[in-house]
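We use all heavy atoms of the structure for the numbers below, so side chains are in, but hydrogens, waters and symmetry mates are not. Numbering of residues begins at 1 and proceeds along the displayed sequence.
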Amino acid sequence: MTPADTGASTTVGAASAVSVPDTSDSRMAPGGPGYRRMSLALFLAGVATFALLYSTQALLPLISGDMGVTASDASWTVAAATGGLAVFVLPMSALSERFGRRTVMTASLAVAVTVGLLVPFAPSLPALVALRAVQGAALAGLPASATAYLAEEVTPRALVTAIGLFVAGNSVGGMSGRVITGWVAQEWGWRIAVGVIGAVAVACAVAFRLLLPAPKHFRAGSLRPRVLVRTVRDHLANPLLRRLYAIGALFMTVFGGVYTVIGYRLSEAPFSLPQGLVGSIFLVYLVGTVSASTAGRLVGRLGRRGALYLGGGTTAAGLLLSLASSLPLVLLGLVLITAGFFAGHAVASSAVGKTAQHGRAQASALYQSAYYVGSSAGSTVGALAFHSGGWTGTVGVGLLAVLGVVAITVTGSLAARRVTGTAAAGA
């Protein structure tokens, strides 16, 4: 196969690779050749990833009723998928360093959509959880590889915007998956609903492979464990990267907890909404599409830390507002939570790509691993908090996570001031 077929560079011998010189002039930029195709391809990959990853989240009350399990038990169908992704994202990123970003992303989507077509036939909750874990592990090849692909193929000035569009695809996938499953499940049950999402993901996967331009700046790396361990150790030794990983995990703890439990809250008194309307609540993800895609402009005006403060504050305001017993106020709270989360996530994930000077796939993989650990923790802890303390308990977990984001960002601000002060004193 040619490099264009595999997504990898042409290799010479066992350890070296020849690639197009990595100059900013030859990278993709808005208005330039290939940029629109690349943006649409990764947008569709984001749609497929989040539609599959969270395909059962809006259906948890129906799964609980059909299989006779509690909310915390049913939540494992979400936590298993995000947990599988968190565990396998680093190994998948290593494969992408050796075999190419496009190759790994294509293979990951192919396996994930295949499993997605098997999920509706799961005979029991343990079987359903196992299939979801495999699906999450397969999807692990997407997030880190996509971020690394963008860092290599897009001009630095356009990187935040490009990653924001990929994250926007995540939000559209998460929203459409939940809305579609909600209405389909109301008429034909949750199994048909997740089958429909599997079919939509197949279409997205085919379009992604046809649209994504072949990489020009990829350089094949090594699969040797020692090299991988050294790269990971270098990234974890970087205090800025550690802070960004923690911020991603905490933001996702809020988001995972809120959207795992919200279906139970809205289907119970005083709201008592039918399944179709509960699924339609996820239309607020469109707010996330906007906030993620405008993250670049937000960073340009407020700086990275200012954007993170704004994202955290918006999320906290939404959590507090969602405590109201009025449906319009609850919906407004969800809008603020969603806007704050997607803005914070886009800012933090793009900062990882800019900060890492080598092993970008591993740097992004560590972020994604922390991010989805936060999702699994949020889904599980949020459901347990709801079981013991109602919606107030879930909100309490979210507010603690937001406080963590603020505390870490303050720590980063103080560290930056110390570095600036030391440099000024030396001068």
Side-chain angles (χ1 to χ4, degrees), residues 147 159-160 163-164 167 234-258 287-288 291-292 294-323 333 335-357 363-364 366-375 377-378 381-382 385 394-427:
T147 306
L159 182 59
V160 176
I163 290 180
V167 174
D234 289 345
H235 292 327
L236 292 177
N238 186 321
L240 175 55
L241 287 177
R242 289 200 305 268
R243 289 194 293 270
L244 292 171
Y245 298 153
I247 286 170
L250 290 169
F251 264 124
M252 196 54 170
T253 298
V254 181
F255 201 67
V258 165
V287 176
S291 66
T294 58
R297 290 197 293 272
L298 193 65
V299 171
R301 292 180 181 180
L302 303 176
R304 184 177 64 242
R305 286 185 289 272
L308 289 174
Y309 284 132
L310 181 60
T314 303
T315 303
L319 286 168
L320 293 173
L321 198 57
S322 72
L323 290 169
V335 166
L336 294 177
I337 292 168
T338 304
F341 161 74
F342 274 105
H345 168 44
V347 171
S349 60
S350 62
V352 169
K354 283 188 172 182
T355 302
Q357 298 301 312
S364 298
L366 287 170
Y367 176 84
Q368 297 293 335
S369 182
Y371 175 80
Y372 286 108
V373 164
S375 178
V381 177
T394 303
V395 168
V397 171
L399 288 173
L400 286 174
V402 171
L403 284 175
V405 169
V406 173
I408 291 169
T409 308
V410 168
T411 301
S413 299
L414 295 175
R417 288 178 184 176
R418 285 196 297 270
V419 170
T420 302
T422 302

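Of all heavy-atom pairs between Ala351 and Leu244, the closest is CB-CD1, 3.7 Å. Shortest non-hydrogen contact noted between Ala343 and Ser291 is N-OG, 3.7 Å. Of all non-hydrogen atoms in Ala370 and Ala249, the two that sit nearest each other are O-CB, 3.2 Å. The minimum heavy-atom distance between Gly344 and Phe251, with the atom names listed, is CA-CE1, 3.7 Å. Between Val254 and Ala401 the shortest heavy-atom distance is CG2-CB, 3.5 Å. Contact detail for Tyr367 and Ser349: the closest heavy-atom pair is CE2-CB, 3.6 Å.
Between Tyr371 and Met252, the closest side-chain pair of non-hydrogen atoms falls below 4.5 Å.
Atom OG of residue Ser364 and atom NE2 of residue His235 lie 8.0 Å apart, to the nearest 0.5 angstrom. Summarising the geometry, atom CZ belonging to Arg304 is positioned 8.5 Å from atom CD1 belonging to Ile247; distances are rounded to the nearest 0.5 Å. Interatomic distance, CG of Leu399 versus CG of Leu323, reported as 7.5 Å (0.5 Å rounding).
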* Asked: After noting the C-alpha distance and the side-chain angles of Phe255 and Phe342, does the key distance pass the side chain to side chain contact (heavy atoms under 4.5 Å, CB included) rule?
  -> CA-CA 9 Å; Phe255 201 67; Phe342 274 105; 3.7 Å; yes
* **Steps toward side chain to side chain contact (heavy atoms under 4.5 Å, CB included) verdict (Val352, Leu241)** => CA-CA 6 Å; Val352 169; Leu241 287 177; 4.1 Å; yes
* **side chain to side chain contact (heavy atoms under 4.5 Å, CB included) assessment of Ile408 paired with Leu250** => CA-CA 10 Å; Ile408 291 169; Leu250 290 169; 3.7 Å; yes
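Not a single donor-acceptor pair under 3.5 Å links the side chain of Thr314 to the backbone N or O of Gly340. The backbone N or O of Arg305 sits nowhere less than 3.5 Å from a side-chain atom of Thr409 that would complete a donor-acceptor pair.
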Donor-acceptor contacts, no H, no angles, side chain residues 315-322, under 3.5 Å, sequence neighbours left out:
from, atom 1, to, atom 2, distance (Å)
Thr315, OG1, Gly311, O, 2.8
Thr315, OG1, Phe341, N, 3.4
Ser322, OG, Leu319, O, 2.7
Ser322, OG, Trp391, NE1, 3.1

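Partner of Leu302 under the side chain to side chain contact (heavy atoms under 4.5 Å, CB included) criterion, chosen from Leu310, Val347, Leu308: Leu310.
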